[in-house]
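A short worksheet on the structure shown next.
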Amino acid sequence: MALGKRLGRNPRDVAAEILEAVDLTGVARDVEVAGPGFLNVTLEATFLADLAGETWADERLGLEPDAASQRLVIDYSAPNVAKEMHVGHLRSTVIGDALARIHRRLGHEVVPENHVGDWGTPFGMLIEHLVDVGEDAAVAELSVGDLNRFYQDARASFDASDGFKERARERVVRLQAGDAETVRLWRVLVDQSAAYFQVVYDRLGVLLTPDDIVGESFYNDALPGVVDDLRALGLLTLDDGAECVFPPGFTGRDGSPQPMIVRNRNGGYGYAATDLATIRHRVDDTHADRILYVVGAPQRDHLAMVFAVARLAGWLPDGVTAEHVQFGNVLGADGKMFKTRSGASVRLVDLLDEAVARAEAAISERNPDLVGDERAAVARAVGIGAVKYADLASDRVKDYVFDFDRMLAFEGSTGPYLQYAHARIRSIFRRGEVDPAALDVGAVVVGEPQERALVLALLGFPAAVRHAAETSHPHRLCGYLFDLAQTFTSFYEACPVLRADDEATRAGRLVLCDLTARTLSAGLDLLGIEAPERM
RNA sequence: GCCCUCUUAGCUCAGCGGAUAGAGCAUCGGCCUCCGGAGCCGUGUGCGCAGGUUCGAGUCCUGCAGAGGGCGCCA
């Protein structure tokens with residue numbers, strides 16, 4: 001029909017001509033023109049069976065790397081030094097991790113960058129607080145992850161004492177001047193925080209490592225150059241004492257041009273300057289072909305302006321794309337921003353602990369045979385998987401409601417449902433004492449409608465992954481996996497496997513079972529979710 | 001005031017310009033001595049409102065309403 005439009009002809013006539021011209025012997029049993037110009041193709045059972053066999057024999061499950069390998073910088077997670085990781089960091093971390101895995105799988109070189117907040121005026125206050133409580137005590141506090149308390153105590157001192165306030169101000173100046181002792185103390189905060197972040201990342205099962213941290217401070221030395229070069233390009237305007245760029249097309253209050261302040265009237269550099277320096281670094285030094293910013297929706301205007309200015313300045317050439325992979329808020333049951341009852345932000349580790357505890361309770365009840373370390377490991381996989389899947393499964397642009405009961409349900413589009421579907425298939429092989437490796441490529445037979453439906457679903461894996469990658473929408477992959485699991489369940493209901501009527505049928509169905517399990521496992525892995533063998 | 005995002009079934013959500021808009025949960029009704037019932041099959045209800053573009057609009061455009069967010073020296 002798209003072709004008909006391009007040719008300016010009746011879609012049905014075009015379809016009929018195509019039907020005449022193609023020879024689908026061995027591929028399709030039947031092709032017919034339908035509706036406004038669809039071609040309904042009924043594939044030959046043997047053709048489908050062969051494809052299923054080939055896919056089963058393929059390590060990559062039919063998913064070929066993209067023709068042209070790109071270098072992608074993915075900017076995600078970005079917690080703040082000496083501040084607790086909370087639900088606000090969940091989405092960026094989980095979505096960024098999934099995108100990193102997906103693009104790697106497609107053969108691209110992924111450079112994860114964790115743009116942690118390790119610079120700015122709060123560090124005067126934080127360092128003075130560090131001095132007050134003593135280095136050892138501070139390290140002890142930070143290393144156990146009590147970042148909230150550290151930050152809040154510092155804040156309290158700052159608010160309560162003018163003397164402290166003054167010390168904090170002076171400390172910022174010394175930090176910016178590169179005073180050795182101050183920088184050393186700052187480094188203590190950064191290192192302790194990084195160690196804590198890693199504990200959270202490991203628990204969450206994301207691939208980020210300390211090596212991926214490229215904090216704001218990394219760009220300090222590049223900031224004067226950003227301003228100088230903008231000035232040399234004639235893009236800089238002095239406005240009310242601040243050095244600004246006014247990119248065309250951006251308006252603020254009252255429809256007046258919207259400034260992007262790169263340097264404030266006190267000579268300090270804003271985060272816009274840092275973001276521009278970051279782009280230059282990613283293009284000039286990292287040689288990125290594509291840059292993804294996995295950052296919340298509120299930053300939309302800011303990032304659009306940064307990209308626009310970077311284009312104006314020529315720092316973001318035509319061949320390089322910068323995309324804002326925006327996402328909505330995590331909401332509580334009341335439909336408002338997810339907070340604790342007292343109104344504080346929820347610590348990410350607390351959230352994960354509760355998910356794992358709930359998962360363990362559910363597993364203990366349902367499968368009492370699972371005990372000890374294995375039960376703990378499965379509970380971790382299920383609890384964390386539930387949280388991650390819930391975050392990835394709906395369109396990231398929208399807000400979603402955080403609900404333990406729903407995300408940990410074994411019914412519906414949830415992590416546990418998919419993990420269970422996988423474990424259940426694996427159990428077929430244990431029960432039947434069948435080694436999947438010993439199966440035969442040519443065994444698949446497509447007879448029953450449920451077998452046909454399952455094979456068609458299995459063959460859709462590569463397209464689902466590609467689609468998720470192209471649009472930076474992991475929820476497309478979630479939807480695919482859920483559909484696959486449901487299709488499998490219908491198949492399994494209608495088609496006996498271990499008790500199949502004859503050996504040939506049994507062998508063919510076992511191949512489909514194994515292929516399904518591997519596809520589910522691979523798909524979950526691309527989402528950063530484990531697929532336990534039993535649960 | 002300007003700008004952005006969102007609004008699909010009772011609830012939570014899919015839906016990529018194409019056919020009669022789909023899932024899950026909940027409801028109701030069936031099935032199966034079932035290889036893990038955490039199942040299968042069926043059942044009813046819906047695109048916020050009004051225009052426009054198109055052979056064709058939940059999808060694109062405009063306006064309106066509601067919700068959330070952003071808009072000069074924090075990041």
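Of the listed nucleotides (B:A14, B:G36, B:C2), B:C2 has the atom at the smallest distance from the side chain of A:Thr251. Of the candidates B:G70, B:C13, B:G15, the closest approach to any side-chain atom of A:Tyr400 belongs to B:C13. Comparing B:C13, B:A75, B:G36 against the side chain of A:Glu216 picks out B:A75 as the nearest. Side-chain proximity of A:Arg406 to B:U5, B:A38, B:U12: nearest is B:U12. Of the candidates B:A19, B:G68, B:G70, B:G70 carries the atom nearest the A:Asp301 side chain, counting heavy atoms from C-beta on. The side chain of A:Lys398 has B:U8 as its nearest neighbour among B:G69, B:C2, B:U8. Distances were taken from every side-chain heavy atom of A:Gln486 (C-beta onward) to each of B:C73, B:G24, B:A38; the shortest belongs to B:G24. Between B:A14, B:C40, B:A19, one nucleotide has an atom nearer to the side chain of A:Asn40 than all others, and that is B:A19. Each of B:G72, B:U5, B:C40 was ranked by its minimum atom distance to the side chain of A:Pro259; first place goes to B:G72. When each of B:G68, B:G15, B:C13 is scored by its nearest atom to the side-chain atoms of A:Arg476, the top-ranked nucleotide is B:G15.
Distance check on atom C1': B:A21 versus B:C74 gives 46 Å, rounded to whole Å. For B:C13 and B:G58, the C1' atoms lie 14 Å apart once the distance is rounded to whole Å. With both ends at atom P, the span from B:A23 to B:G44 equals 12 Å, rounded to whole Å. Using P as the reference atom, B:A26 and B:G18 are 32 Å apart when rounded to the nearest Å. The separation of B:C11 from B:C16, taken at their C1' atoms, amounts to 26 Å, rounded to a whole angstrom. B:G63 and B:U20 have their P atoms separated by 31 Å, with the value rounded to a whole Å. Taking atom P in both B:G22 and B:C47, the straight-line distance is 14 Å, to the nearest Å. Remark: the separation of the P atoms in B:A38 and B:C34 is 16 Å, to the nearest Å.
Counting any heavy atom pair closer than 4.0 Å across all strands shown, A:Ser427 reaches a base atom. Within the nucleic acid shown, A:Gly270 comes within 4.0 Å of sugar-phosphate atoms alone, with no base atom in reach, counting heavy atoms only. As judged by a 4.0 angstrom heavy-atom cut-off over every strand, A:Phe327 is placed among residues making no nucleic acid contact. Using a 4.0 Å heavy-atom cutoff across all strands shown, A:Tyr417 reaches no nucleic acid atom at all. Across all strands shown, A:Thr414 has no heavy atoms under 4.0 Å from either base or sugar-phosphate atoms. Counting any heavy atom pair closer than 4.0 Å across all strands shown, A:Arg265 reaches a base atom. Note on A:Pro298: only backbone sugar-phosphate atoms sit closer than 4.0 angstrom, heavy atoms only; bases stay farther off. Across all strands shown, A:Ile428 has no heavy atoms under 4.0 Å from either base or sugar-phosphate atoms. Contact annotation for A:Arg430: base contact, defined as any heavy-atom pair under 4.0 Å involving a base atom. Note on A:Cys513: nothing from the nucleic acid sits closer than 4.0 angstrom, heavy atoms only. Counting any heavy atom pair closer than 4.0 Å across all strands shown, A:Ala34 reaches a base atom. Backbone-only contact: A:Val397 has heavy atoms under 4.0 Å from sugar-phosphate atoms and none from a base. Counting non-hydrogen atoms under 4.0 angstrom, A:Ala242 reaches a base of the nucleic acid. At the heavy-atom level, A:Asp483 lies nowhere under 4.0 Å from the strands shown.
No side-chain donor from either of A:Gln450 and A:Tyr492 sits under 3.5 Å from a side-chain acceptor of the other. Of the N and O atoms on the side chains of A:His302 and A:Tyr271, at least one donor lies less than 3.5 Å from an acceptor on the other residue.
With ring centers used as reference points, A:Phe338 lies under 6.0 Å from A:Phe402.
Projected onto RNA chain B by closest heavy-atom contact, A:Met535 and A:Ser413 fall at different nucleotides, the more 5' of which corresponds to A:Ser413. Mapping A:Gln258 and A:Arg534 onto RNA chain B by nearest heavy atom places A:Arg534 closer to the 5' end of the strand.
Residue A:His475 has a polar side-chain atom (N or O) positioned under 4.0 Å from OP1 or OP2 of B:G15. Contact annotation: A:Arg366 does not reach the phosphate of B:A38 (side-chain N/O to OP1 or OP2, under 4.0 Å). OP1 and OP2 of B:A38 both lie 4.0 Å or more from every side-chain N or O belonging to A:Arg424.
When the P atom of B:C74 is taken as reference, atom OH of A:Tyr151 falls 14 Å away, rounded to whole Å. Atom CE in A:Met407 sits roughly 22 Å away from atom P in B:A38 (whole-Å rounding). Protein atom CZ of A:Arg426 is 22 Å distant from nucleotide atom P of B:A38, rounded to whole Å. When the C1' atom of B:U59 is taken as reference, atom CG of A:Asp395 falls 13 Å away, rounded to whole Å. Atom-to-atom, CZ of A:Arg431 to C1' of B:C34 comes out at 11 Å; the value is rounded to the nearest Å. Regarding A:Arg466, its CZ atom lies at a distance of 20 Å from the P atom of B:C16, rounded to whole Å.
In summary, A:Arg358 and A:Glu354 engage in a salt bridge, as defined by a charged side-chain N under 4.0 Å from a carboxylate O. One finds a salt bridge joining A:Asp228 and A:Arg231 here, because a Lys/Arg side-chain nitrogen approaches an Asp/Glu carboxylate oxygen to under 4.0 Å. By the 4.0 Å N-to-carboxylate-O rule, A:Asp159 lies too far from A:Lys165 to be salt-bridged with it. The pair A:Arg506-A:Asp502 does not count as a salt bridge, with every side-chain nitrogen at least 4.0 angstrom from each carboxylate oxygen. Between A:Glu243 and A:Arg265 no salt bridge is recorded (no basic side-chain N to carboxylate O distance below 4.0 Å). A salt bridge links A:Arg169 with A:Glu166: the closest approach of a Lys/Arg side-chain nitrogen to an acidic carboxylate oxygen falls below 4.0 angstrom. Under a 4.0 Å N-O distance rule, the pair A:Arg534/A:Asp369 does not qualify as a salt bridge. A:Arg380 has no carboxylate O lying under 4.0 Å from a charged side-chain N of A:Glu530, or vice versa, which leaves the two without a salt bridge.
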| request: Would you sketch RNA chain B in dot-bracket for me? Only Watson-Crick or G-U wobble pairs with both distances under 3.5 Å count, crossing pairs as [ ], other-strand pairs as |, the rest as dots. | output: (((((((..((((....[...))))..(((((....).)))).....(((((..]....))))))))))))....

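B:G18 has no stacking from A:Phe38 on its base ring, since the centres under 5.5 angstrom apart and planes within 30 degrees of parallel are not both found. Residue side chain A:Tyr271 fails the stacking definition with respect to B:C74, as its ring centre and the base's six-membered ring centre are not both under 5.5 angstrom apart and under 30 degrees in plane angle. Stacking here means ring centres nearer than 5.5 Å and ring planes tilted less than 30 degrees, and by that measure A:Phe482 does not stack onto B:A23.
Counting atom types as modelled, A:Asn367 pairs no side-chain N or O with a base atom of B:A38 as donor and acceptor under 3.5 Å. Between the base of B:C73 and the side chain of A:Asn266 there is no donor-acceptor pair shorter than 3.5 Å. Scanning atom types as modelled, no donor and acceptor separated by under 3.5 angstrom connect the side chain of A:Thr489 and the base of B:G39.
Contact of the A:Leu43 side chain with the A:Leu456 side chain is registered, since non-hydrogen atoms from C-beta on lie closer than 4.5 Å.
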